[in-house]
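A quick note: this is a predicted structure, and the numbers were derived from the prediction, not measured.
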Amino acid sequence: MFNLLRMDLRRLFKTRSFYIVLGVTAALLAMTVAMVSAVIDQAKLDALQSTGIVVTNGDSEDMVEMLRGMNRLDFLHECLGSGFLLMLACTGLTLFVNGDFSSGCVKNICFARPRRWEYVLSKIFVAGLYSAIITILGVLVSLVCPVLMGLSLEPSSFAEILQYTFWLWLPTWAFSLLGLALVLLTRSPTLGVIMAVATGGGLVAALLQSLCQSFGWPDLAQHLLNMVVRFQCAPMPDAGRIAMILGCSLGWAALYAAGSLIAMERRDI
């Protein structure tokens, strides 16, 4: 299994899609910080409005005041709590795992190592590293860009930022395993990318929430990983939020891992 993991890690850092996903992550966050910087800075906001851009939101002044009073930890959550890291991690892992099947590499692997659970376990570890790199990159870009753009934020402790990074990484890693399960089931990246965008972006959560409200069911959407990131990974989560993050992340990770094992064992390569 360690040989498989070493081979996967070597191939990961040579895969073009990996660096494309990292570049997209950094670019989207830089754009987000730039827009927030323009809203907070009155001179920049006036310059934007002078070009014809109109702020029509009735509570925009309250929003601006809230943004101006943020510390670094709150700002991190505003940038990273939307769920787009989930989309990028799941999409990236989907493309990476699909490369085994599109290139025929998986046939050689499973011929030399007939125990397919080792292949799945290796990919689970790779998913953890992949999501960790994306999460750390997102945190670093969200911390560095405000400094480069002259955005003044209230300080936060290094321990708080580390803690938030860990609780953000855990559901991101669990969600990336959705891509693994779908690729091993379909042998195609299409469904994995679609589900990454729909589920990570909150569409599935919104539909499920509406369905639960219509039928008077309990709010099942709160257990989806997108909702966990948005509402439970808020800076410095308490014991209840930590239990929700751990329970949902480990539960979904176990479900996706089990699905991956079944899909790999029950289908011919």
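Looking at every heavy atom in both residues, L86 comes nearest to T172 through CD2-CA, 3.4 Å. The two atoms that bring S156 and R72 nearest to each other are OG-N, 3.4 Å, heavy atoms only. For W252 against H223, the heavy-atom pair with the smallest separation is NE1-O, 2.9 Å. Taking each heavy atom of G179 and T94 in turn, the nearest pair found is CA-OG1, 3.3 Å. Of all heavy-atom pairs between F18 and I133, the closest is CZ-CD1, 3.8 Å. The two residues L177 and A127 make their nearest non-hydrogen contact at CD2-CB, 3.6 Å.
Remark: C212 SG to L220 CG distance equals 4.0 Å, nearest 0.5 Å. To the nearest 0.5 angstrom, M87 atom CE is 8.5 Å from N226 atom CG. Rounded to the nearest 0.5 Å, atoms OG (S176) and CG (L85) are 11.5 Å apart. Taken to the nearest 0.5 Å, the OG1 atom of T25 stands 11.5 Å off from the CD1 atom of I20. With values rounded to the nearest 0.5 angstrom, D100 atom CG is found 4.0 Å from R11 atom CZ. Distance OH/Y119 to CG/L5: 12.5 Å, rounded to 0.5 Å.
The ring of Y256 has its center no closer than 6.0 angstrom to the ring center of F175.
Geometrically, R241 does not engage F231 in a cation-pi contact, judged by NZ or CZ lying under 6.0 Å from the ring centre and within 45° of the ring axis.
By the neighbour-count criterion of 12 heavy atoms within 6.0 Å, atom CE of M31 is sparsely surrounded, having that number or fewer from other residues, nucleotides or ligands. Environment of CZ in F13: crowded, with over 12 heavy atoms of neighbouring residues, nucleotides or ligands closer than 6.0 Å.
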Practice item. Before giving the answer on side-chain contact (heavy atoms from CB on, under 4.5 Å), spell out for V144 and L148 the whole-Å C-alpha distance, their side-chain angles and the decisive distance to 0.1 Å. Key: CA-CA 6 Å; V144 172; L148 297 178; 3.8 Å; yes
**Study point:** side-chain contact (heavy atoms from CB on, under 4.5 Å) between N71 and L153, intermediate numbers included
**Key:** CA-CA 5 Å; N71 58 31; L153 298 170; 6.0 Å; no
Practice item. Apply side-chain hydrogen bond (donor to acceptor under 3.5 Å, both in side chains) to the pair S131 and W169, showing each step before the final yes or no. Key: CA-CA 7 Å; S131 56; W169 163 75; 3.0 Å; yes
Exercise for review: Please report the C-alpha distance between M227 and Q209 in whole Å, then the side-chain angles of each, then the deciding distance to 0.1 Å, and finally whether the side-chain contact (heavy atoms from CB on, under 4.5 Å) criterion is met.
Suggested key: CA-CA 10 Å; M227 301 295 280; Q209 203 166 40; 3.8 Å; yes
Practice item. Test side-chain contact (heavy atoms from CB on, under 4.5 Å) on L80 and S142 and set out the steps. Key: CA-CA 8 Å; L80 304 176; S142 299; 3.7 Å; yes
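Under the 4.5 Å side-chain heavy-atom criterion for grouping Ile, Leu, Val, Met, Phe, Trp and Tyr, L162 is not connected to I242 through any hydrophobic cluster. Both Y19 and V97 are assigned to one and the same hydrophobic cluster, defined by single-linkage of ILVMFWY side chains at heavy-atom distances under 4.5 Å. Hydrophobic clustering of Ile, Leu, Val, Met, Phe, Trp and Tyr side chains at less than 4.5 Å, counting indirect connections, unites M7 with F125. Hydrophobic clustering of Ile, Leu, Val, Met, Phe, Trp and Tyr side chains at less than 4.5 Å, counting indirect connections, keeps L76 apart from V147. Under the 4.5 Å side-chain contact rule for hydrophobic residues, L95 and L191 do not share a cluster.
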Which pairs of donor and acceptor atoms, one on a side chain in residues 197-208, lie under 3.5 Å apart (sequence neighbours left out)?
from	atom 1	to	atom 2	distance (Å)
T199	OG1	M195	O	3.0

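Looking only at distances, no side-chain donor or acceptor of E265 sits under 3.5 Å from a matching main-chain atom of I262. Of the possible donor and acceptor atoms, none in the side chain of T32 sits under 3.5 Å from a partner among the backbone N and O of C79. Side-chain N or O atoms of T186 include one that pairs as donor or acceptor with a backbone N or O of S188 at under 3.5 Å. Between the side chain of W173 and the main chain of I124, a donor-acceptor pair closer than 3.5 Å is present.
With a 4.5 Å cut-off on side-chain heavy atoms, P171 and C233 count as touching. Side-chain atoms of M264 and V106, non-hydrogen and from C-beta on, do get closer than 4.5 Å to each other. In this structure the side chain of V139 reaches within 4.5 angstrom of the side chain of I161, judged on heavy atoms. Annotation: side chain of L28 is in contact with side chain of V24 (closest heavy-atom distance under 4.5 Å). Taking the side chain as every heavy atom from C-beta outward, Q232 and W167 never approach each other to under 4.5 Å. For the pair L4 and K123, the minimum side-chain heavy-atom distance is 4.5 Å or more. Within the 4.5 Å cutoff, side-chain heavy atoms of T190 are placed close to those of I194. Between V228 and Q222 the shortest side-chain heavy-atom distance does not fall below 4.5 Å.
Between F96 and Y130, the ring planes lie tilted relative to each other; the angle falls in the 30° to 60° range.
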